[in-house]
Amino acid sequence: MDFCSKSARESDSPFNCVIFDLDDTLYSSKLGIGEALKKNIDDFLVEKCGFAENKASSLRVELFKTYGSTLAGLRALGYDIDADDYHSFVHGRLPYELIQPDSQLRNLLRTITQRKLIFTNSDRNHAIRALERLGLGDCFDQIICFETMNTNLSKSTRPDEFPVLLKPSMDAMRIAIRVAAVDPHRTLFLDDNVCNVAAGKALGLRTVLVI
């Protein structure tokens, strides 16, 4: 992430906002958080939904491929899963102690004079907790998260009434751009997911794939 130096000024940059993904972008996928999350989702499918233990992993993968997430898939199939309960289960049990403060990243972020936003599919509590573990809690102007994209879920009268919106859904991307109040052509978007980057690019965002 060497697109900005300490001497840069917003007036000299083509960008006036930088949007960052969180998980596997601001911290390494090698930490084990992602694997722990998969295990927690499998446990949720078994303990809360009654699926067989030997079917949970394959079901999680199939729901993700078809619907974009396990929660989205369960609700689309008619399971009345409360999003807050789901996130509390799958994120609340994560080993956050694996995420350590990143002073180098913090120093880099503080050199960027443009607005800095987080755009994550995760819930707000997870985003705040991960950022605090990284030592970056005060480095961002706004967090766009699951709750931002899914304000209608609490109003639903049946599980499949409103689809769960997540990146790389174009509707989710449009909501993020609207809520952030940014000009896509002057906004840099960094994400580790190829599909998310492609969706952002399709809406005019300048993009960087983090690997």
Side-chain angles (χ1 to χ4, degrees), residues 1-41 69 87-149 166-168 172-173 176-177 179-184 186-197 199-201 205-211:
M1 292 189 291
D2 58 349
F3 55 85
C4 185
S5 68
K6 191 169 184 177
S7 61
R9 294 293 181 267
E10 188 171 341
S11 59
D12 300 324
S13 171
F15 310 114
N16 57 22
C17 183
V18 186
I19 299 178
F20 297 84
D21 176 46
L22 173 58
D23 302 300
D24 299 342
T25 295
L26 294 186
Y27 64 84
S28 173
S29 60
K30 298 177 182 179
L31 292 183
I33 297 296
E35 290 305 311
L37 178 60
K38 291 176 184 177
K39 174 64 166 58
N40 291 347
I41 294 173
S69 78
H87 289 132
S88 178
F89 188 103
V90 303
H91 287 149
R93 302 181 178 193
L94 290 176
Y96 286 101
E97 66 275 8
L98 296 178
I99 304 176
Q100 296 298 313
D102 190 336
S103 59
Q104 185 176 8
L105 178 56
R106 178 180 174 82
N107 290 337
L108 174 60
L109 288 169
R110 291 177 69 85
T111 69
I112 301 173
T113 59
Q114 290 85 351
R115 286 178 67 209
K116 296 179 287 294
L117 281 63
I118 291 291
F119 180 20
T120 176
N121 281 340
S122 297
D123 64 294
R124 184 172 298 276
N125 285 338
H126 168 74
I128 291 172
R129 194 166 180 183
L131 288 172
E132 287 178 347
R133 289 294 306 176
L134 285 165
L136 308 178
D138 60 346
C139 290
F140 296 93
D141 301 290
Q142 187 176 2
I143 296 175
I144 297 171
C145 56
F146 180 91
E147 290 88 344
T148 314
M149 296 177 279
L166 301 168
K167 294 181 290 182
M173 301 297 295
I177 290 171
V179 170
V182 297
D183 175 357
R186 296 203 64 197
T187 300
L188 185 64
F189 173 49
L190 298 90
D191 200 297
D192 67 294
N193 183 286
V194 173
C195 294
N196 295 346
V197 168
K201 185 174 293 186
L205 294 167
R206 304 288 294 276
T207 60
V208 173
L209 178 64
V210 178
I211 56 175

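We number each residue from 1, following the sequence as shown.
The structure places CD of E97 at 7.0 Å from CZ of R133, a figure rounded to the nearest 0.5 Å. Between the CG atom of L109 and the NZ atom of K116 there is a distance of 6.5 Å, given to the nearest 0.5 Å. Once rounded to the nearest 0.5 Å, the distance linking CD1 of I19 with CG of L190 reads 9.5 Å. To the nearest 0.5 Å, the span separating CD1 on I118 from CD on Q142 amounts to 11.0 Å. Rounding to the nearest 0.5 angstrom, the gap separating the CG atom in D21 from the CG atom in N196 is 6.5 Å. Of the inter-residue distances, the one linking N16 atom CG with R186 atom CZ reads 4.0 Å to the nearest 0.5 angstrom.
Residues passing the side chain to side chain donor-acceptor pair (under 3.5 Å) test with K201: none are found, sequence neighbours excluded. Under the side-chain contact (heavy atoms from CB on, under 4.5 Å) criterion, N121 pairs with M149, L166, K167, not counting sequence neighbours. Evaluation of the salt bridge (charged side-chain N to carboxylate O under 4.0 Å, His left out) rule for E35 yields K38 as partners, not counting sequence neighbours.
Side-chain contact between I144 and T120: absent, with no pair of heavy atoms (C-beta onward) separated by less than 4.5 Å. At a threshold of 4.5 Å between non-hydrogen side-chain atoms, the residues T187 and V18 do not count as touching. In this structure, I99 and L134 have side chains that are in contact, with non-hydrogen atoms separated by less than 4.5 Å.
Without hydrogens or angle criteria, N40 side chain to V90 main chain gives a donor-acceptor distance under 3.5 Å. Checking side-chain atoms of R106 against main-chain N and O of L136 turns up no donor-acceptor pair under 3.5 Å. Remark: side-chain polar atoms of Q114 are paired, donor with acceptor, to backbone N or O of F15 under 3.5 angstrom.
The two atoms that bring L117 and A180 nearest to each other are CD2-CB, 3.4 Å, heavy atoms only. The minimum heavy-atom distance linking C195 with P168 is given by the pair O-CB, 3.5 Å. In plain terms, the two heavy atoms of A199 and M173 that are nearest each other are CB-CG, 3.9 Å. Scanning all heavy atoms of the two residues, the minimum distance from F119 to A172 falls at CZ-O, 4.1 Å.
For residues 119-128, no pair satisfies salt bridge (Lys or Arg N to Asp or Glu O under 4.0 Å), with sequence neighbours left out. Evaluation of the ring pair (Phe, Tyr, Trp, His ring centres under 6.0 Å) test over residues 127-146, restricted to residues two or more places apart or in two chains, returns F20-F140, H87-F146.
None of L131, T148, L22 except one satisfies the side chain to side chain contact (heavy atoms under 4.5 Å, CB included) rule with I143; the exception is L131.
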Kindly list each side-chain donor-acceptor pair under 3.5 angstrom involving residues 26-34, sequence neighbours excluded, with atom names and distances?
from	atom 1	to	atom 2	distance (Å)
Y27	OH	D23	OD1	2.5
S28	OG	K30	N	3.0

